[in-house]
Colleague: 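Got a structure for you, questions after.
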Number of protein chains: 2
Amino acid sequence: MALDHAILVSLHERAASGYDLARRFDASIGYFWPASHQQIYRVLARMQEAGWVESTLQEQDGRPDKKTYAITPDGEAELDRWAAGATGREAIRSDFAVKLRAFRDPEAIALDTRARRADHVARLAAYEASEARFYPNPRALEGNDLGSWLALRGGISTERRGIEWCDEILTALEGRGSR
Amino acid sequence: MALDHAILVSLHERAASGYDLARRFDASIGYFWPASHQQIYRVLARMQEAGWVESTLQEQDGRPDKKTYAITPDGEAELDRWAAGATGREAIRSDFAVKLRAFRDPEAIALDTRARRADHVARLAAYEASEARFYPNPRALEGNDLGSWLALRGGISTERRGIEWCDEILTALEGRGSR
DNA sequence: TTCAGCATGTAATATGTTACATGATTAG
DNA sequence: CTAATCATGTAACATATTACATGCTGAA
């Protein structure tokens with residue numbers, strides 16, 4: 001039930017509506033735990049029943065009502081409980097690696113690899129921009145900010161390694177005549 | 001439906017029973033697409049109905065009967081079709097990164113990080129042993145072997161980056177007084 | 001007037017995990 | 001005698017994805 005905790009972390013940082021959360025998940029926290037709005041609404045409902053979050057309705061003029069969720073003390077306690085435990089090994093599920101093993105169509109692989117590379121480059125740029133903007137002086141970081149920065153560093157190294165892998169694949173394919 | 005294709009790739013390499021596949025998934029191909037035997041049996045049944053695989057019963061003395069699955073021409077065609085398309089971006093789901101963002105208990109994080117690091121080291125060693133054993137001369141590789149080697153290279157770089165990230169986290173935590 | 005954005009959800013389907021179930025053989 | 005390995009699955013539950021549904025505002 002890790003989406004629960006991702007949402008709790010996000011609500012701990014700041015109260016939000018389901019819609020707001022969905023947009024946050026498209027950006028910051030969703031880089032490490034993607035989720036759609038449908039999923040988020042469902043989990044919010046479940047957590048509200050469990051007493052981990054509470055909601056207040058806000059009227060807005062010219063807009064639909066907004067249901068703002070906030071984390072409760074029980075929710076904070078649950079976060080603590082969860083944070084004290086160990087996280088297991090994360091499953092890697094890579095269609096792309098499976099496709100490499102299949103190795104059916106080198107041209108298609110090369111094409112796919114180039115697209116993936118561009119993707120990694122774009123995301124790396126976004127991460128690096130974030131880092132420069134929000135964490136210009138990493139040595140001074142503490143607590144929550146330190147954690148967020150370390151998570152971002154993980155993202156940066158993931159993208160870099162993705163680019164390197166793509167380059168390795170492209171080099172190997174080119175060396176053997178596929179363009 | 002990527003488990004389907006992972007199984008097809010595996011059956012293309014060699015026919016196997018559900019049980020055999022489950023063990024393969026614990027080792028080679030499962031590094032990139034983990035799956036339990038329960039899942040595998042379910043997907044095999046579905047693919048047999050679709051005509052992508054076929055099974056033959058083998059009697060064995062002193063052992064339960066073995067149902068050996070093989071890929072059919074339709075299955076091969078499906079693999080081709082799938083291999084020609086592009087793979088989308090892979091979702092990263094990392095409890096650990098979420099936990100870093102929560103940053104509730106630095107001691108617990110340090111402990112967890114050390115455990116993860118040990119895990120990465122072990123898996124890296126396994127990958128490197130495979131590489132030395134099965135692909136001593138990468139430049140000479142072609143076709144299927146080249147693909148498998150490139151997939152393995154991806155695994156190796158993933159583990160290396162995991163170790164580096166853990167070290168970065170531990171350094172940051174130590175620099176601030178958590179052991 | 002059409003499309004993007006705001007804001008909320010339900011429903012159906014697909015996929016993954018955990019627990020249960022059976023029964024034989026072989027190694028310790 | 002006990003546990004592990006071989007071999008097959010079913011069932012219940014949890015989670016994730018895709019499609020559907022509604023309705024308002026503001027900008028092009």
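Below, chain A is the first sequence line, B the second, and so on; all start at residue 1.
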Colleague: In terms of side-chain heavy atoms of B:Leu3, which of D:dT17, C:dG16, C:dT8 is nearest?
Modeller: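 Ranking D:dT17, C:dG16, C:dT8 by closest atom to the B:Leu3 side chain puts C:dG16 first.
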Colleague: Taking DNA chain C as the partner, which of residues 7-16 of chain A come within under 4.0 angstrom of it by heavy atom?
Modeller: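 The stretch gives none, as no residue of it lies under 4.0 Å from the strand.
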Colleague: A:Phe103: which residues meet the ring-ring contact (aromatic ring centres under 6.0 Å, His included) condition with it, sequence neighbours left out?
Modeller: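 A:Phe103 satisfies ring-ring contact (aromatic ring centres under 6.0 Å, His included) with no other residue.
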Colleague: So, B:Ser55 and B:Gln48: side-chain donor and acceptor under 3.5 Å apart, yes or no?
Modeller: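 Yes, a side-chain donor-acceptor pair sits under 3.5 Å.
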Colleague: For residues 136-146 of chain A, pull every pair meeting side-chain hydrogen bond (donor to acceptor under 3.5 Å, both in side chains), keeping only residues two or more places apart or in separate chains.
Modeller: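 Matches after skipping sequence neighbours: none remain.
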Colleague: Among Ile, Leu, Val, Met, Phe, Trp and Tyr joined by side-chain contacts under 4.5 Å, find the other residues sharing a cluster with B:Tyr41 and list them by chain and number.
Modeller: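 The other cluster members (ILVMFWY side chains, heavy atoms under 4.5 Å, direct or chained) are B:Tyr19.
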Colleague: Counting only side-chain N and O atoms of A:Arg23, is one of them less than 4.0 Å from OP1 or OP2 of C:dG5?
Modeller: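 A:Arg23 to C:dG5 OP1/OP2: no side-chain N or O under 4.0 Å.
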Colleague: Taking the side chain of B:Gln39 as heavy atoms from C-beta outward, which of D:dT8, D:dC6, C:dG16 is closest to it?
Modeller: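 Given the options D:dT8, D:dC6, C:dG16, the side chain of B:Gln39 is closest to C:dG16.
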Colleague: Rounded off to whole Å, could you give me the CD1-to-C1' distance for the A:Ile40 and C:dA7 pair?
Modeller: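 Spelled out: CD1 on A:Ile40 to C1' on C:dA7 is 13 Å.
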Colleague: Within residues 90-97 of chain B, which residues have any heavy atom lying less than 4.0 Å from an atom of DNA chain D?
Modeller: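 DNA chain D contact set from residues 90-97 of chain B: B:Arg93.
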Colleague: Kindly write out the residues that satisfy salt bridge (Lys or Arg N to Asp or Glu O under 4.0 Å) with A:Arg117, not counting sequence neighbours, or none if the list is empty.
Modeller: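 Only A:Asp167 meet the salt bridge (Lys or Arg N to Asp or Glu O under 4.0 Å) criterion with A:Arg117.
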Colleague: Applying side chain to side chain contact (heavy atoms under 4.5 Å, CB included), can you list everything that pairs with B:Glu168, at least two apart in sequence or on another chain?
Modeller: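 By the side chain to side chain contact (heavy atoms under 4.5 Å, CB included) rule, B:Glu168 matches A:Trp149, A:Arg153, B:Trp165.
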Colleague: So, for B:Ala16 and B:Leu11, which heavy atoms are closest and what is the spacing to 0.1 Å?
Modeller: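 The pair with the smallest heavy-atom distance is N-CD2, 3.6 Å.
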Colleague: B:Thr68: what forms a side chain to side chain donor-acceptor pair (under 3.5 Å) with it, not counting sequence neighbours?
Modeller: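 In terms of side chain to side chain donor-acceptor pair (under 3.5 Å), with neighbours along the sequence ignored, B:Thr68 is linked to B:Gln58.
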Colleague: Given side chains that start at C-beta, do those of A:Tyr135 and A:Ser148 come closer than 4.5 Å, heavy atoms only?
Modeller: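 When only atoms from C-beta onward are counted, A:Ser148 and A:Tyr135 do touch, with a gap below 4.5 Å.
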Colleague: Would you say a side-chain N or O of B:Tyr19 is under 4.0 Å from OP1 or OP2 of D:dT8?
Modeller: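 No, outside the criterion.
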Colleague: Could you go through nucleotides 9-13 of chain D and list every protein N or O atom that sits under 3.5 Å from one of its N or O atoms, giving the distance for each pair?
Modeller:
{"from": "D:dG9", "atom 1": "OP1", "to": "B:Lys67", "atom 2": "NZ", "distance (Å)": "2.9"}
{"from": "D:dG9", "atom 1": "O6", "to": "B:His37", "atom 2": "NE2", "distance (Å)": "3.2"}

Colleague: Could you pull out every donor-acceptor pair under 3.5 Å between side chains of residues 69-76 of chain B and any protein atom, sequence neighbours left out?
Modeller:
{"from": "B:Thr72", "atom 1": "OG1", "to": "B:Gly51", "atom 2": "O", "distance (Å)": "2.6"}
{"from": "B:Thr72", "atom 1": "OG1", "to": "B:Trp52", "atom 2": "O", "distance (Å)": "3.0"}
{"from": "B:Thr72", "atom 1": "OG1", "to": "B:Asp74", "atom 2": "N", "distance (Å)": "3.4"}
{"from": "B:Thr72", "atom 1": "OG1", "to": "B:Gly75", "atom 2": "N", "distance (Å)": "3.1"}
{"from": "B:Glu76", "atom 1": "OE1", "to": "A:Arg104", "atom 2": "NH1", "distance (Å)": "3.3"}
{"from": "B:Glu76", "atom 1": "OE1", "to": "A:Arg104", "atom 2": "NH2", "distance (Å)": "2.3"}
{"from": "B:Glu76", "atom 1": "OE1", "to": "B:His12", "atom 2": "ND1", "distance (Å)": "3.2"}
{"from": "B:Glu76", "atom 1": "OE2", "to": "B:His12", "atom 2": "ND1", "distance (Å)": "2.9"}

Colleague: Does the ring centre of B:Tyr31 sit less than 6.0 Å away from the ring centre of B:Tyr127?
Modeller: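 Aromatic pair counts; centres sit under 6.0 Å.
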Colleague: Please report, rounded to the nearest Å, how far the C1' atom of D:dT15 is from the CZ atom of A:Arg46.
Modeller: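 Answer to the nearest Å: 8 Å.
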Colleague: If you compare all heavy atoms of B:Pro34 against all heavy atoms of A:Arg93, which two are closest, and at what distance to 0.1 Å?
Modeller: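 Reported closest heavy-atom pair: O-NH2, 3.0 Å.
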Colleague: Rounding to an integer number of Å, can you tell me how far A:Asp20 CG sits from C:dG5 P?
Modeller: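 Answer to the nearest Å: 16 Å.
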Colleague: Rounding to 10°, can you tell me the angle the first-five-pair axis of the helix from C:dT1-D:dA28 to C:dG28-D:dC1 makes with its last-five-pair axis?
Modeller: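 About 30° separates the two local helix axes.
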Colleague: So, using salt bridge (Lys or Arg N to Asp or Glu O under 4.0 Å) as the criterion, who are the partners of B:Glu78 when residues are at least two apart?
Modeller: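 Salt bridge (Lys or Arg N to Asp or Glu O under 4.0 Å) check on B:Glu78 returns B:Arg81.
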Colleague: For B:Ser36 and C:dT18, is the shortest distance between a side-chain N/O and OP1 or OP2 below 4.0 Å?
Modeller: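 Checking B:Ser36 against C:dT18: no side-chain N or O falls below 4.0 Å of OP1 or OP2.
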